[in-house]
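In what follows, a structure is listed as structure tokens, so that the remarks can point back to it.
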Amino acid sequence: MSREHAVERAIAALRTGRAVTIEGDEPLSFVSIETATSEALKTLDPKAKAQLLLSGRRAAALSLANERDAADPAEPVLLARESWLDGKAALTLADPAQDFARAPIGPLHPLPIDTADSAKAALALTRAAGLLPAAWVVQANDGAVAIALDQLTNENLRPEVTLLSRARLPLEDMPDTQIFAFRGSDDGQEHVALLVGAFGGKPPLVRLHSECLTGDVFGSLKCDCGPQLKEALRLIGESGGGVLLYLRQEGRGIGLANKLRAYALQDRGLDTVDANLRLGFSDDEREYAHAAAILRQLGIDEVRLLTNNPNKVAALEAEGIRVAERVAHHMPANPHNADYLDVKRSKSGHLA
């Protein structure tokens, strides 16, 4: 089985509460604590011996950073199974939105990890599935979806995209526009490209827009995503043509449910970056290999990029798409997102 299909199957298994086994020199079987039902856990772990795997960042938030094998936020942490540590308690530990409401819980005892590379890969897969980076480590079983460790760590392999469909899409006050739907070969996510007007062989104006349900659809004032989307389309139309890629990377790549968890933490005083870190993610989990693959399928290898984020420029160029020009894309602040915009500049490196 190809790497892409193996990753897609593993992600689908985790989302539906099934076990995944990472094969190789460090075999590891695990299941997401979010999606594994109590019935599934009884089958996978009949003696209630499964240990809990957390991200290092989450372990640090639980004050385990001074414990053995739990001092590096980049490394996964394995916790011993305790009599009180059932599915509900594990989810309470993994979900930081409950940190401010639950009573003290413990004791917690970190253990040495003999399968460090596989443990990192396991948490990477849960993140890719849009789940909290936390898992039960269970015994291997015949029903688990198998994936080789080298299929997850070979950096030379990049996701590709398949064109699924295309159609005309009339838009108000816009040149002729076509919409294309692509599917990622690794995780099965469907991304959209809007091809606006005609750019006559010149590098087109391109916007990489990450999906934001709350901002794009409901008009949330907590971010600037909705206004950025509308303004990007206007600017592309005014320039005579270009491309807007609508990428399925909700919440800087952490998924909708986790973004709402981050919102709850922001209500408690954390900023966007610190909220993502407390959840066990990096401050920005997005990648742009899919975007580059879509542009290549559209016959585009050089762009004028509409962004304030230098990471997007670097990511596209690393994937072989030349950025001829960065075009600034600023939106006015409002009382609800002024701090958010400040954090994007001060902590995430966005340009003023």
Side-chain angles (χ1 to χ4, degrees), residues 11 14-15 32-34 53-65 70 72-77 91-101 119-135 187 189 208-216 220-226 228 247-288 290 307-312 314-315 336-351:
I11 287 173
L14 291 173
R15 287 174 175 165
S32 164
I33 68 162
E34 274 198 89
L53 186 67
L54 296 176
S55 73
R57 290 189 179 93
R58 186 69 193 126
L62 292 168
S63 300
L64 296 175
D72 187 344
E75 297 295 324
V77 174
L91 190 55
T92 299
L93 286 175
D95 184 355
Q98 302 186 46
D99 285 352
F100 303 99
K120 288 180 185 178
L123 294 183
L125 274 173
T126 62
R127 292 185 181 97
L131 302 168
L132 288 169
D187 58 8
Q189 292 274 36
L208 309 183
H209 189 88
S210 296
E211 176 184 45
C212 178
L213 176 69
T214 50
D216 299 341
S220 168
L221 298 176
K222 287 178 68 71
C223 63
D224 57 347
C225 301
Q228 278 191 335
L247 305 168
R248 301 295 299 276
Q249 300 189 131
E250 181 82 49
R252 294 187 179 180
I254 68 175
L256 178 61
N258 288 321
K259 182 175 84 168
L260 299 184
R261 289 182 171 113
Y263 277 4
L265 291 175
Q266 291 166 36
D267 290 341
R268 296 280 187 168
L270 276 68
D271 63 35
T272 308
V273 169
D274 289 339
N276 277 23
L277 295 177
R278 194 176 185 98
L279 281 164
F281 297 92
S282 66
D283 64 324
D284 193 337
E285 291 279 340
R286 290 175 294 182
E287 56 79 29
Y288 297 99
H290 293 101
T307 186
N308 304 320
N309 185 352
N311 291 333
K312 288 184 179 180
H336 300 277
N337 71 11
D339 289 342
Y340 163 81
L341 296 177
D342 285 341
V343 168
K344 285 213 288 189
R345 289 187 290 268
S346 63
K347 288 191 173 183
S348 299
H350 286 215
L351 301 171

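By the side-chain contact (heavy atoms from CB on, under 4.5 Å) test, Leu260 pairs with Thr214, Leu256, Tyr263, sequence neighbours left out. By the side chain to side chain donor-acceptor pair (under 3.5 Å) test, Ser220 is found to be paired with no residue, residues two or more places apart in sequence or in another chain being considered. Contacts of Asn276 classified as side chain to side chain donor-acceptor pair (under 3.5 Å), with partners at least two apart in sequence or in another chain: none. Remark: Arg261 pairs with Glu34, Asp95 by the salt bridge (Lys or Arg N to Asp or Glu O under 4.0 Å) rule, at least two apart or across chains. Scanning for salt bridge (Lys or Arg N to Asp or Glu O under 4.0 Å) contacts around Lys312 gives an empty result, with sequence neighbours left out.
At distances below 3.5 Å, at least one donor-acceptor pair connects side-chain atoms of Arg58 with backbone N or O atoms of Leu93. Formation of a donor-acceptor pair under 3.5 Å by the Glu250 side chain with backbone atoms of Lys259 is not found in this model.
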Taking distance alone, no hydrogens or angles, what donor-acceptor pairs closer than 3.5 Å link side-chain atoms of residues 123-134 to residues at least two apart or in another chain?
from	atom 1	to	atom 2	distance (Å)
Thr126	OG1	Leu123	O	2.7
Arg127	NE	Gly280	O	3.2
Arg127	NH2	Gly280	O	2.8

Under the side chain to side chain contact (heavy atoms under 4.5 Å, CB included) criterion, do Asn309 and Arg286 qualify, and how do the steps go?
CA-CA 12 Å; Asn309 185 352; Arg286 290 175 294 182; 3.8 Å; yes
Candidate pair Asp274 and Leu277, rule side chain to side chain contact (heavy atoms under 4.5 Å, CB included), full reasoning
CA-CA 5 Å; Asp274 289 339; Leu277 295 177; 4.2 Å; yes
Can you check side chain to side chain contact (heavy atoms under 4.5 Å, CB included) on Glu285 and Gln249, steps first, answer last?
CA-CA 8 Å; Glu285 291 279 340; Gln249 300 189 131; over 6 Å; no
Set out, in order, the CA-CA distance, both residues' side-chain angles and the distance that settles side chain to side chain contact (heavy atoms under 4.5 Å, CB included) for Tyr288 and Asn311, then state yes or no.
CA-CA 10 Å; Tyr288 297 99; Asn311 291 333; 5.7 Å; no
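Separating the NE2 atom in His290 from the CG atom in Leu208 is a distance of 13.5 Å, to the nearest 0.5 Å. Summarising the geometry, atom OG belonging to Ser32 is positioned 11.0 Å from atom CZ belonging to Arg15; distances are rounded to the nearest 0.5 Å. The CD atom of Glu211 sits 7.5 Å away from the CG atom of Asp216 when rounded to the nearest 0.5 Å. Separating the SG atom in Cys212 from the CZ atom in Arg252 is a distance of 11.0 Å, to the nearest 0.5 Å.
Across every non-hydrogen atom of Ala94 and Ile33, the tightest pair is CB-CD1, 3.3 Å. The heavy-atom pair separating His209 from Cys225 by the smallest distance is CE1-O, 3.2 Å.
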